[in-house]
Amino acid sequence: MGIKGRRALICAGSKGLGRGCAQALAAEGVHLVLNARGGEVLEKTAAEIREIYGVDVSTVAADVTTQDGREAILACSAGVDIVVNNAGGPPPGNWRDWDREAFIAAFDANAYAAIALMQATVPGMCDRGWGRIVNITSVSVKQPIGVLGLSNTARAALTGFVAGISRDVALHGVTINNLLPGLHATDRTVGLDTYEAGLTGESREAVAARRCGSIPAGRYGTASEFGATCAFMCSEHAGFMVGQNILLDGGGFNSTL
Ligand code: NAP
């Protein structure tokens, strides 16, 4: 991939899709700054990645949605070449119940955290003439998900921001793109399947089987195939990919273009 020896910050990377991205970059010889809130799982993930791939992995146990958390993360991330922005998704619910605080929390987590980290890291990447940003967003920016209106709203804001700034920095060798997961087999999806089971009265397994059946690929995606796509987007080969929204959903979004 041409990125051996580069350094990457992976936010929210101890589990799930963030971990998939961390592993795929480590497999390319990229050194990591790995973040999540829970220190125990974070340290375990970091140790496994060091052991398997032999790269340096430093850890920052911090909440990326807070100013203090981002300051702690950035203190360990000086001069990073690659940033994968990620955070936990907002809770599902009914749009009638969401108040201002719920929208602000979703914006903080799924828009502003990524915006703030781009503001902090992209200028340095531009000065050095190379950089890669991948923001993990969601299929919900193309196809709204009813119970995830907070996600639909916050991620649309980040998508609009990226559309503008990616064109502003491309001249400096810095690419900014979004990677959109459809349904992937992670804890997040277990939580959403459980939520839907509570609404419909089905078992969680029945919900998962029904949702897999609605995907042309017939299954949920995996964190490792998600990570492999992320690694390509961070690679030397992806230098002409600017401001794109790359959807990984097994064909679930039905469209010609
Ligand atoms: P996951 O399996 O639940 O993993 C979430 C990871 O993020 C964990 O490592 C978690 O560790 C960390 N994290 C959560 N909140 C954090 C915070 N405030 N600060 C730092 N780290 C945090 O979730 P996932 O499936 O990988 O999803 C990742 C993102 O993709 C989410 O925003 C999700 O909504 C979105 N997404 C996922 C899917 C899917 O099918 N999986 C589909 C569409 C969108 P700690 O809890 O220890 O912090």
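Counting starts at 1 for both ligands and their atoms, following the listed order. Since we're looking at a predicted model, the values are computed, not measured.
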(message) Counting only heavy atoms not in E51 (residues, nucleotides, ligands), do more than 12 fall under 6.0 Å from its CD?
(response) no
(message) Taking a cutoff of less than 4.0 Å between a non-hydrogen atom of the residue and any ligand atom, is R211 in contact with ligand 1?
(response) no
(message) Can you tell me if A62 contacts ligand 1 (heavy atom of the residue under 4.0 Å from the ligand)?
(response) yes
(request) For atom 26 (O) of ligand 1, grab the closest protein heavy atom and report residue, atom and distance to one decimal in Å. (result) L17 N, 2.7 Å
(request) Before signing off on this row, confirm whether A87 and ligand 1 have an N or O atom pair separated by under 3.5 Å. (result) yes
(request) Using heavy-atom distances, let me know which of C11, G38, S14, A154 sits nearest atom 10 (C) of ligand 1. (result) S14
(request) Calculate, to the nearest 0.5 Å, the distance between atoms CD and CG belonging to E101 and D108 respectively. (result) 11.5 Å
(request) Looking only at non-hydrogen atoms, find the nearest pair between D81 and M125 and report the distance. (result) O-CE, 3.6 Å
(message) Main chain of A185, side chain of T189: is a donor-acceptor contact present, judged purely on distance under 3.5 Å?
(response) no
(request) Using distance alone, determine whether G88 and ligand 1 share an N or O pair under 3.5 Å. (result) yes
(request) Consider every N or O of P181 and every N or O of ligand 1, then say whether any pair is closer than 3.5 Å. (result) no
(request) May I ask you to check whether T59 and E43 show a side-chain donor-acceptor distance below 3.5 Å? (result) yes
(request) Give yes if a backbone or side-chain nitrogen or oxygen of T65 is under 3.5 Å from a nitrogen or oxygen of ligand 1, and no if not. (result) no
(request) Going by the salt bridge (charged side-chain N to carboxylate O under 4.0 Å, His left out) test, name the single residue among R188, R204, R211 that passes it with D193. (result) R211
(message) Please report whether ligand 1 has a polar contact with A36, defined as an N or O pair separated by less than 3.5 Å (distance criterion only).
(response) no
(request) May I ask you to check if ligand 1 and V64 share an N or O to N or O distance below 3.5 Å? (result) yes
(request) Might you confirm whether atom CG of D97 has over 12 heavy atoms from other residues, nucleotides or ligands at distances under 6.0 Å? (result) yes
(request) Decide whether the shortest distance between a heavy atom of L148 and an atom of ligand 1 is less than 4.0 Å. (result) no
(request) Specify the closest pair of heavy atoms between G251 and P216, including all atoms of both residues, with the distance to one decimal. (result) O-CG, 3.3 Å
(message) I'd like to check whether H184 has a polar contact with ligand 1, where a contact means an N/O of the residue lying under 3.5 Å from an N/O of the ligand.
(response) yes
(request) Just jot down the ligand 1 atoms closer than 4.0 angstrom to any heavy atom of L183, in number order. (result) 40 (O)
(request) Please state which part of V41 comes within less than 4.0 Å of ligand 1, counting heavy atoms only: side chain, backbone, both or neither. (result) neither
(request) Return yes or no for this condition: an N or O of G182 is under 3.5 Å from an N or O of ligand 1. (result) yes
(request) Measure the CD1-CD1 distance between I165 and I176 for me, rounded to the nearest 0.5 Å. (result) 3.5 Å
(request) Identify the heavy atoms of P91 and L150 that sit nearest to each other, and give their distance. (result) O-CD1, 4.0 Å
(message) Give me the residue, atom name and distance of the protein heavy atom closest to atom 13 (N) of ligand 1.
(response) A12 CB, 3.7 Å
(request) Look at atom 5 (C) of ligand 1 and say whether a protein heavy atom is found at less than 4.0 angstrom from it. (result) no
(message) In terms of relative ring orientation, are H184 and F226 parallel, tilted or perpendicular, with 30° and 60° separating the classes?
(response) perpendicular
(message) Using a 4.0 Å cutoff against the non-hydrogen atoms of S138, which atoms of ligand 1 qualify?
(response) 43 (C), 44 (C)
